[in-house]
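Just below is one structure, and these are the notes that go with it.
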Amino acid sequence: MPELPEVETIRRRLEEKVIGRRIERAVVRLGKIIIHPSTREFQRAVRGEQIQGIKRRGKYLIFETPKTRIVVHLGMTGQLTFWDKNRADDREFQVHPLTGLQRARQHSVDKHTHITLFFRDGNALHYRDIRQFGKWRLYRRGEFEKSGFLDRLGLEPFTPGYCWNAFQLQLEGRHRCVKTLLLDQAFVAGVGNIYADEALFEARIHPEAPASSLSQGEQKRLFHAILRVLERGLENNGTTIRDFVDPDGEEGGNQEFLQVYGRKGDNCLHCGTAIQRVVISQRSSHFCPHCQPAQ
DNA sequence: AGTAATCCCTGGCAGC
DNA sequence: TGCTGCCAGGGATTAC
């Protein structure tokens, strides 16, 4: 499940690989991935366009070309991998014995490769997405700002907008439980299930605590913990549980540093208590009942 | 308006 | 061995 650190890792690697390349044509094998405007329009619009930049907002990647903005959300299992014409494809995906991750340094088109951007120089960019939750949108350059598509997203970590005042303001009058709020992209953009659990552990806050019940001190701890866990994820090139690979098919390393996520029944690294798992709004939540006591 | 529930989708796995 | 049923989960949509 690519969250901010995974998407940013992909963005950085892709930047090195695709900036300056010109799109010869787009092959779309699963039309429903492109939800705006239409597959045909998309293919027409990107033909001949040169990729000039790649931006990120929350979990969205934005490919910039002179006439368009291509907005990609990887959903749960989306992978963007560069296909180098001078490199041989791996014969098959290696499946990680524990995580089930399907990984290849470079792969040819398989049944999950839904979109390929072929570049004029003979290289390509593959989009592979097993669960098909990912979505691509295309906007004309001028239309993109006007669409306000990214405006509904909340605070962006690592930018001046992510400040203590704004954070407090966002928390005001929110009665939902804090874990649910963390998953809401209109609150803080880019936080998903893994980093939400990790941040709550670091801030020593029970995931089911109502957001409005947090003390000033807890709010402050959460504000800083979000940044810390995202930063650590970034330093380790993302967290690979099942599907995350960078454009070279490389896994992240942050799974080694997770303190609660996926550790149900294991000992808390801080106090030794068994980590618990509960379901909060259809999502699994992991926490230490001793370090993160309910009110 | 704010919040909660439903749906989409596949592969892996437990259980029989 | 092979089948069935369940689970993971981001976000758009719908319902309240």
Side-chain angles (χ1 to χ4, degrees), chain A residues 1-8 10 29-37 56-62 71-80 92-104 107 110-115 127-137 147-154 169-199 207-213 230 233 238-245 255 258 260-265 277-286:
Chain A
M1 53 220 81
E3 305 178 28
L4 188 153
E6 291 74 40
V7 177
E8 177 62 18
I10 290 169
R29 305 178 190 85
L30 186 63
K32 69 162 193 176
I33 298 286
I34 299 187
I35 59 170
H36 178 82
R56 181 191 57 74
R57 174 83 165 92
K59 301 176 193 171
Y60 290 90
L61 283 172
I62 302 115
V71 183
V72 176
H73 193 292
L74 300 170
M76 283 287 297
T77 55
Q79 302 173 335
L80 282 165
E92 54 195 23
F93 290 91
Q94 299 165 19
V95 179
H96 192 282
L98 292 178
T99 63
L101 171 82
Q102 293 189 359
R103 171 190 166 194
H107 67 87
D110 72 337
K111 66 172 175 172
H112 301 300
T113 308
H114 306 311
I115 299 174
Y127 177 71
R128 187 168 181 271
D129 185 359
I130 292 178
R131 288 185 205 169
Q132 305 173 17
F133 279 11
K135 291 169 173 56
W136 287 42
R137 294 171 171 85
S147 75
F149 180 72
L150 298 175
D151 295 349
R152 30 193 200 104
L153 296 179
L169 222 57
Q170 285 279 73
L171 275 172
E172 220 160 79
R174 308 307 293 271
H175 298 289
R176 332 155 72 175
C177 72
V178 62
K179 169 67 186 282
T180 308
L181 187 59
L182 279 178
L183 293 179
D184 184 348
Q185 299 303 293
F187 177 56
V188 174
V191 175
N193 209 31
I194 296 174
Y195 293 98
D197 280 4
E198 295 297 309
E208 286 172 304
S212 51
S213 75
L230 292 176
T239 302
T240 297
I241 299 292
R242 238 174 233 101
D243 304 281
F244 167 66
V245 291
Q255 56 280 9
L258 297 182
V260 285
Y261 184 85
R263 298 192 64 243
K264 177 190 172 188
R277 174 184 173 277
V278 292
V279 174
I280 301 172
S281 58
Q282 282 48 285
R283 302 282 183 273
S284 62
S285 288
H286 311 74

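Sequence lines set the chain letters: A, B, ... in the order given, protein chains first and strands last, and positions in each chain run from 1. In this text the structure is predicted, and so the values were computed from the model without any measurement.
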*Rounding to 10 degrees, work out the angle separating the end axes of the helix from B:dG2-C:dC16 to B:dC16-C:dG2 (five pairs an end).*
50°

*Should A:S212 and A:H175 count as side-chain neighbours, where that means a heavy-atom distance under 4.5 Å?*
yes

*Counting heavy atoms from C-beta on, name the nucleotide in B:dT3, C:dG9, B:dA5 closest to the side chain of A:Q282.*
B:dA5

*asked:* From the set C:dG10, C:dA12, B:dG11, return the single nucleotide nearest to any side-chain atom of A:R152.
replied: C:dA12

*Would A:H286 and A:R263 count as a side chain to side chain contact (heavy atoms under 4.5 Å, CB included) if you check the C-alpha gap in whole Å, the side-chain angles of each, and the deciding distance to 0.1 Å?*
CA-CA 7 Å; A:H286 311 74; A:R263 298 192 64 243; over 6 Å; no

_Can you see whether A:D129 engages A:H114 through a side-chain donor-acceptor pair at a distance of less than 3.5 angstrom?_
no

*Do A:I115 and A:I34 come within less than 4.5 Å of each other through their side chains, counting heavy atoms only?*
yes

*Quick one: which of B:dC9, C:dG9, C:dG11 gets closest to the side chain of A:M76?*
C:dG9

*For the residue pair A:T113 and A:D110, establish whether any side-chain heavy-atom pair is separated by less than 4.5 Å.*
yes

*Among C:dC7, C:dA12, B:dG11, find the nucleotide with the atom closest to the side chain of A:I130.*
B:dG11

*Pick base, sugar-phosphate or nothing for A:S284, based on heavy-atom distances below 4.0 Å to the nucleic acid.*
sugar-phosphate

*asked:* Measuring only between side-chain heavy atoms, which start at C-beta, is A:L74 closer than 4.5 Å to A:Q79?
replied: no

*Closest to the A:Y261 side chain, choosing from B:dC8, C:dG10, C:dA8*: C:dA8

*Nearest whole angstrom, please: distance from the C1' of C:dA12 to the CZ of A:R131.*
18 Å

*Measure the shortest side-chain to side-chain distance between A:D184 and A:R174 over non-hydrogen atoms and say whether it is less than 4.5 angstrom.*
yes

_Nearest-neighbour nucleotide for the A:K135 side chain, B:dT10, C:dG9, C:dA12 considered_ = C:dA12

*asked:* In terms of relative ring orientation, are A:Y60 and A:H73 parallel, tilted or perpendicular, with 30° and 60° separating the classes?
replied: perpendicular

*Using only side-chain N and O atoms of A:R128, determine if any of them is under 4.0 Å from OP1 or OP2 of B:dT10.*
no

*In whole Å, what is the span from the CD1 atom of A:I35 to the P atom of C:dG11?*
12 Å

*Specify the separation, in whole Å, of atom CZ of A:R283 and atom P of C:dA8.*
10 Å

*Roughly how many Å is it from CZ in A:R174 to C1' in B:dT3, rounded to a whole number?*
9 Å

*Over how many whole Å does the gap from A:D184 atom CG to C:dG11 atom P extend?*
9 Å

*Determine: side-chain N/O of A:H112 to OP1/OP2 of B:dC9, distance under 4.0 Å, yes or no.*
no

*Starting at CD of A:Q170 and ending at C1' of B:dA1, how long is that distance when rounded to a whole Å?*
15 Å

_A:I33 CD1 - B:dC8 P separation (whole Å)_ = 15 Å

*Roughly, in whole Å, what's the span from CD in A:Q132 to P in C:dG9?*
19 Å

*N/O (side chain, A:H73) to phosphate O (OP1/OP2, C:dG11) under 4.0 Å*: yes

*Under 5.5 Å between ring centres and under 30° between planes: does that hold for A:F133 against the base of C:dG10?*
yes

